[in-house]
Amino acid sequence: MATLQWGQLIEGLRVYLELDGKGPLHGQLTRALKAAMFGASVQTGSRLPPTRVLARELGVSRNTVLAAYEQLRAEGFLDSRVGSGSYVTPPLQTTTAPVATGPVEPQSAYARRARELLNPARLFGQRESMPRYAFHYGKPSTNPALTSAWARELSRAAQYTQPDYPTAQGLPVLREAVCDYLARRRGVHVVPDDVLIVGGTQQAMTLTARVLLDEGTEVAMEDPQYNAVRTVLKAHGARVVPVPVDAQGMCVDALPARRPQLICVTPSHQFPLGSVLSLPRRLALLEYARRHDCWIFEDDYDGEFRYDSKPLAALRSLDSDNRVVYIGTFSKTLFPSVRLGYMVVPPQLRGDFVAAKWLDDFGAPTVEQAALAGFMADGGFERHLARTAKTLKERRTALLDGLRRLAGDRVEIADSHAGMHLVAWLRGRDRMQGEAFIAHARTRGLWLASISQYYMTPPDRAGLLLGYATLSVAEIEQAVALFAQCLDEMPE
């Protein structure tokens, strides 16, 4: 850190300022002045030097000092007196550290369950050092063209969007765009009143739990399944009943004889195994829901991307009894930080879902909604999807070719012809050997993920989730070569 001294300029005191080197110089100077105030180097009521004098003493421009003084005035640290100067005012912040307290017991049943289920240090968004090559799954493919287009849409939307509270159900123009998109791409024909704009799949599941579930309510769920959704259900006190999955998707015949309140399913591209729910099973599932008077949560997280045929119509397109709560997200088609998704809710539950959304956050951010509506209306979203599908197909091909050429029969590939990841099983290796392989690969600069975390009862097999959206073709080829080397190094 740099040290600046301004000499005997404040009531005879020699004051030192330490700059942290982070960000613009005026920001560093602002923080250094505040540190001097808190450290009692500069007393309350002291008069700061004129900006020209301080700039000369510090060897910085006067504009830098002016900006720092203005920020301190805005935050209440300085009081400007015309014809007199700038004086240090009593800060609102306390100068004494708060007394440390130990942990307390959970203050509610929800907090207790959340503590049992979650480690805050390992939640999404936490940064961690990553190896050079990472087969990330669940992260979409992005490019500079998308970033630039999104920046333009945000700027345009910010100019005409009303600075008021959002509409709880979502902007009508975005709900209309979603309806048009669903009709063309997913075979779902609904009206804007059926659509609720939400903050992604996670909030959609949370709202569904609040509207449909009480503590102790049974929920049938695919096993394996996306564990973040399972965590939401358990945090709300639901009793999750696992239902096995095979090559045709959820085994509908294995649904419980006793009525569950809700069934969670990923029919277009089962997560994580990748299977597609067959038409006979789709019809059987809808009939089960009708007969047992229960609801279906359809998570259509990346059904847009298929490489052997056109995307399959969503389960909701077959629902004539309004039993399906359909979920779509822009986290996979655009990027996770956009935090926008949508629900198609049964008409008889619409008021309950809108009320739950209002109670949660009043509504999704309006500027982002307007930007997305504009992006969809001018065709930018469809062009982006077309480019993304082409890119993903190239990367998927590179991964498959590399695995078949370099790993050979040591790996069993479960190729779903869809989505942004595939599953690879290490032949003849148990789950513990798989975990050891993942740990070894990391030391060699390769990040891999085990599939076992998504099972309620994991099989004793070494399974890997290999995402290919975030790596270029060249990077995939290099990563697969490293993968094969790690296989060569596995003990027999």
Side-chain angles (χ1 to χ4, degrees), residues 122-142 200-202 222-231 245 266 268-276 299-307 327 329-338 341 388-389 391-400 402-403 407 411-426 431 434-435 437-439 441-442 445-455 458-459 461-473 475-480 482-483 486:
R122 302 188 65 181
L123 297 178
F124 288 163
Q126 303 289 341
R127 293 184 180 274
E128 62 172 317
S129 60
M130 298 299 294
R132 180 179 179 185
Y133 301 108
F135 282 116
H136 275 300
Y137 59 96
K139 292 189 177 183
S141 174
T142 57
T201 301
Q202 200 71 0
E222 297 166 324
D223 188 26
Q225 173 57 279
Y226 183 45
N227 55 11
V229 169
R230 187 168 69 234
T231 300
V245 175
T266 50
S268 295
H269 184 221
Q270 203 280 329
F271 186 87
L273 295 178
S275 55
V276 176
D299 181 2
D300 196 15
Y301 66 100
D302 67 357
E304 293 86 352
F305 301 121
R306 290 200 66 82
Y307 311 112
I327 313 302
T329 178
F330 295 103
S331 294
K332 300 296 185 287
T333 51
L334 291 176
F335 37 81
S337 63
V338 73
T388 300
T391 298
L392 289 175
K393 185 174 183 179
E394 293 169 350
R395 295 176 181 181
R396 169 181 170 273
T397 299
L399 177 57
L400 288 171
L403 288 174
V411 173
E412 176 188 338
I413 302 171
D415 181 17
S416 62
H417 304 283
M420 296 178 287
H421 76 272
L422 55 82
V423 176
W425 300 93
L426 304 185
R431 184 154 52 94
E435 297 295 338
F437 177 74
I438 290 172
R442 192 178 183 101
L446 178 64
W447 186 89
L448 300 169
S450 172
I451 197 174
S452 64
Q453 62 186 305
Y454 294 106
Y455 282 89
R461 300 179 65 191
L464 305 172
L465 284 176
L466 302 178
Y468 47 82
T470 61
L471 296 173
S472 67
V473 168
E475 289 171 332
I476 288 173
E477 292 171 348
Q478 295 163 3
V480 172
L482 185 55
F483 180 89
C486 292

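Please read all numbers here as calculations on a predicted model, not as lab measurements.
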Flag side-chain contact, heavy atom, 4.5 Å: Glu477 against Val473: yes
Stepwise side-chain contact (heavy atoms from CB on, under 4.5 Å) test for Thr329 and Asp302: CA-CA 8 Å; Thr329 178; Asp302 67 357; over 6 Å; no
Phe271/Tyr454 aromatic ring centres below 6.0 Å: yes
CD-CD1 distance between Glu394 and Ile476, expressed to the nearest 0.5 angstrom: 10.0 Å
Rounded distance [0.5 Å steps], CG in Asn227 versus CD in Gln225: 9.0 Å
Non-hydrogen atoms of Tyr468 and Ala418 that approach each other most closely: OH-O, 3.9 Å
Main-chain N/O of Gly419 paired to Arg396 side chain as donor or acceptor, under 3.5 Å: no
Smallest separation among heavy atoms of Leu446 and Pro131, with atom names: N-CB, 3.6 Å
Straight-line distance of Met420 CE to Lys139 NZ, nearest 0.5 Å: 12.0 Å
Working for side-chain contact (heavy atoms from CB on, under 4.5 Å), residues Val411 and Leu426: CA-CA 5 Å; Val411 173; Leu426 304 185; 4.0 Å; yes
Glu222 side chain to Thr266 backbone, donor-acceptor under 3.5 Å: yes
Taking every non-hydrogen atom, the tightest pair across Tyr455 and Arg230: O-NH2, 4.1 Å
Partner of Ser452 by side chain to side chain contact (heavy atoms under 4.5 Å, CB included), out of Pro458, Pro459, Pro224: Pro458
Contact check, side chains of Pro140 and Pro336, non-hydrogen atoms, under 4.5 Å: yes
Side chains of Trp425 and Ile451 in contact at under 4.5 Å (non-hydrogen atoms): yes
Nearest heavy atoms of Ala134 and Thr470, plus distance in Å: O-OG1, 4.0 Å
Nearest-0.5 Å distance, NE2 of residue His421 to CG of residue Leu273: 8.0 Å
Check against side-chain contact (heavy atoms from CB on, under 4.5 Å), Val423 and Leu465: CA-CA 5 Å; Val423 176; Leu465 284 176; 3.7 Å; yes
CZ on Arg461 to OG on Ser450, rounded to 0.5 Å: 12.0 Å
Residue pair Ala441 / Cys486: nearest heavy atoms and the distance that separates them: CA-SG, 3.8 Å
Minimum heavy-atom distance between Ser268 and Val276, given as atom pair plus value: O-CG2, 3.5 Å
Sub-4.5 Å side-chain heavy-atom contact between Val245 and Ser275: yes
Mutual orientation of the aromatic rings belonging to His269 and Tyr301 [parallel < 30°, tilted 30-60°, perpendicular > 60°]: parallel
Interatomic distance, Leu403 atom CG to Ile413 atom CD1 [nearest 0.5 angstrom]: 4.5 Å
Verdict with supporting geometry, Phe135 and Val480, side-chain contact (heavy atoms from CB on, under 4.5 Å): CA-CA 10 Å; Phe135 282 116; Val480 172; 4.2 Å; yes
